[in-house]
Colleague: 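Mind looking over this structure? Questions follow.
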There are 2 protein chains.
Amino acid sequence: MPAKENLRPGGRSARVQASVHNAVRSLLKTMDRADVTIPLIAAEAGVTPSTIYRRWGELQELLADVAVERLRPDMLPIDTGSARGDLEVWTEQYCEEMSSGIGRDMMRDVLAAQDNANACKCDAFTREQIALIAERAHARGEAFPDIDAVMDGVVAPIIYRILFGDQPSIERVRDLVTDVLAREPIRQPQPASAPISG
Amino acid sequence: MPAKENLRPGGRSARVQASVHNAVRSLLKTMDRADVTIPLIAAEAGVTPSTIYRRWGELQELLADVAVERLRPDMLPIDTGSARGDLEVWTEQYCEEMSSGIGRDMMRDVLAAQDNANACKCDAFTREQIALIAERAHARGEAFPDIDAVMDGVVAPIIYRILFGDQPSIERVRDLVTDVLAREPIRQPQPASAPISG
DNA sequence: GCGCTAAAAGCAAATAATTTGCGTTAATGG
DNA sequence: CCATTAACGCAAATTATTTGCTTTTAGCGC
């Protein structure tokens, strides 16, 4: 597990990392992933191959490293005014991104790496987005299920189907959202700062 | 996608395939998977490396090929006398197998391959097992949810957690089974051969 | 700022993996 | 049993990976 943790954060080291990441992204745009090799990436990035080998160990780790950055959410979940609307819109967008060719490839890259830290990161990203939707729901006084319930009831089925060869339909995705919202009726967790009395 | 489809089924070709598969299984028992290479497998199997390269293309495909065979269920789901018992026992065993180090590795091998035919096979294996449980339930006159409902409600959350870094607990797994059985109350599909009238 | 220390990068030689051309073996079908 | 051809083995050519050593430079105490 040689990835980008505990590396020098500034200067040349950072430049090399950025250059390599850019090279990977650029190459993946124009070539089949099976044809992308470390020497090729090194040439594109203007570094020597041994730098990449020493830092990432193998292509799979580098691809996972690049993929997880691209899977990082770049915007807040859209505020539709209601918890149901928020979750529906977010879920549909998530599903679309993940089922696209590029999304599937990135997910595969993340899961294929020896080091599963990147997979954990992806899970954390998703949980954060759902937590934001949940917070908004609570602020509005709406009920909202546990994050785990949403992960199990909505995210997991979508990802499972994408990974194991079945494209989830938009109708199915809506049903998943409906089910998870119906299942957890009113139980609204109190904020941690609330006094003990009910 | 160069795997074992449309290859000569008999004689030397089959012997080579068996020998290579055995070599992989044997090597994975004693070494770290990162140290297993195609030349090493070839030596262990007593074939020349180019045979493996031409037949499987790359290590990932071969590993996926071996893994899917090991993921094939080797027994019928245990008959406990009730649908709930059958599904609970099967699910716990499935979860245990998949969360073990070897199970996780096999799943990763299957998902990491370019060719997702093996992943589809794994999904099919699981569905078959659940279908058997469902058939038994129907034969007893018990209600049982759709296969898809079980996949979404039980299998997907387990697999998602294993893949994305969270070990599912036995309690959580039981809850998943309880939920999916509670959700689909009585709707029992008629056998296809039933007459049209109700 | 100025030098010290060591992490990270570069370079090149050595090793290992992969591809490929061609001759040989043997499975399949008539 | 013979013809056909897929699959294999071998070895040479190519390409990828590892490794030892040198150079650069980020981070840090002064």
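No experiment lies behind these values; they were computed from the predicted model shown. Each chain gets a letter, A, B and so on, in the order the sequences are listed, and its residues count up from 1.
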Colleague: Do the non-hydrogen side-chain atoms of B/Cys120 and A/Phe164 ever get within less than 4.5 Å of each other?
Modeller: no
Colleague: Check whether A/Ser99 reaches the backbone of A/Cys95 with its side chain - one donor and one acceptor, N or O, closer than 3.5 Å.
Modeller: yes
Colleague: Does the base of D/dG9 carry an N or O that pairs as donor and acceptor with the side chain of B/Arg12 under 3.5 Å?
Modeller: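 Under the 3.5 Å cut-off, the side chain and the base do not form any donor-acceptor pair.
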Colleague: Do the side chain of B/Ser50 and the base of D/dC8 come within less than 3.5 angstrom through a donor-acceptor pair of N or O atoms?
Modeller: no
Colleague: Using atom CG of B/Leu59 as one end and atom C1' of D/dA16 as the other, report the distance to the nearest whole Å.
Modeller: 15 Å
Colleague: Within the structure provided, determine whether B/Gln114 and B/Glu61 are in side-chain contact (heavy-atom separation under 4.5 Å).
Modeller: yes
Colleague: In whole angstrom, give the distance that lies between atom CZ of B/Arg15 and atom C1' of C/dA26.
Modeller: 9 Å
Colleague: Please determine if a side-chain N or O atom of A/Thr48 lies less than 4.0 Å away from the OP1 or OP2 oxygen of C/dC11.
Modeller: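 For C/dC11, neither OP1 nor OP2 has a side-chain N or O of A/Thr48 closer than 4.0 Å.
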Colleague: Rounded to the nearest Å, what distance is computed from the CZ atom of residue A/Arg54 to the C1' atom of nucleotide D/dT18?
Modeller: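 Checked: the CZ to C1' distance equals 8 Å.
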Colleague: Hey, what's the ring geometry for B/Trp56 with B/His21, parallel, tilted or perpendicular (30° and 60° as the breaks)?
Modeller: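 Geometry flag for B/His21 against B/Trp56: tilted rings.
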Colleague: Expressed as a whole number of angstroms, how long is the span from A/Ile41:CD1 to D/dT15:P?
Modeller: 17 Å
Colleague: Is there a donor-acceptor contact under 3.5 Å linking the side chains of A/Tyr160 and B/Asp123?
Modeller: yes
Colleague: Does a side-chain N or O from A/Arg55 land closer than 4.0 Å to OP1 or OP2 of C/dA9, or not?
Modeller: yes
Colleague: Find the distance B/Leu62:CG to C/dT18:C1' and express it as a whole number of Å.
Modeller: 15 Å
Colleague: In whole angstroms, how far is the C1' atom of C/dA9 from the CH2 atom of A/Trp56?
Modeller: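 About 12 Å, once rounded to whole Å.
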Colleague: Look at the side chain of B/Asp146 and the backbone N and O of B/Asp148, then say whether any donor-acceptor pair between them is shorter than 3.5 Å.
Modeller: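 Answer holds: no.
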Colleague: If a stem is a run of at least 3 consecutive Watson-Crick or G-U pairs, both distances under 3.5 Å, which stems include DNA chain C?
Modeller: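 So far as stems of 3 or more pairs are concerned, DNA chain C shows C:1-30 with D:1-30.
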Colleague: Who are the salt bridge (charged side-chain N to carboxylate O under 4.0 Å, His left out) partners of B/Arg174, not counting sequence neighbours?
Modeller: B/Glu92
Colleague: Please give, in whole Å, the distance from D/dT18 P to B/Asp35 CG?
Modeller: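 From B/Asp35 CG to D/dT18 P: 11 Å.
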Colleague: In whole Å, what is the span from the CD atom of B/Glu58 to the P atom of D/dA16?
Modeller: 14 Å
Colleague: Verify the contact: side-chain N or O of A/Ser13 to OP1 or OP2 of D/dA26, cut-off strictly under 4.0 Å; return yes or no.
Modeller: no
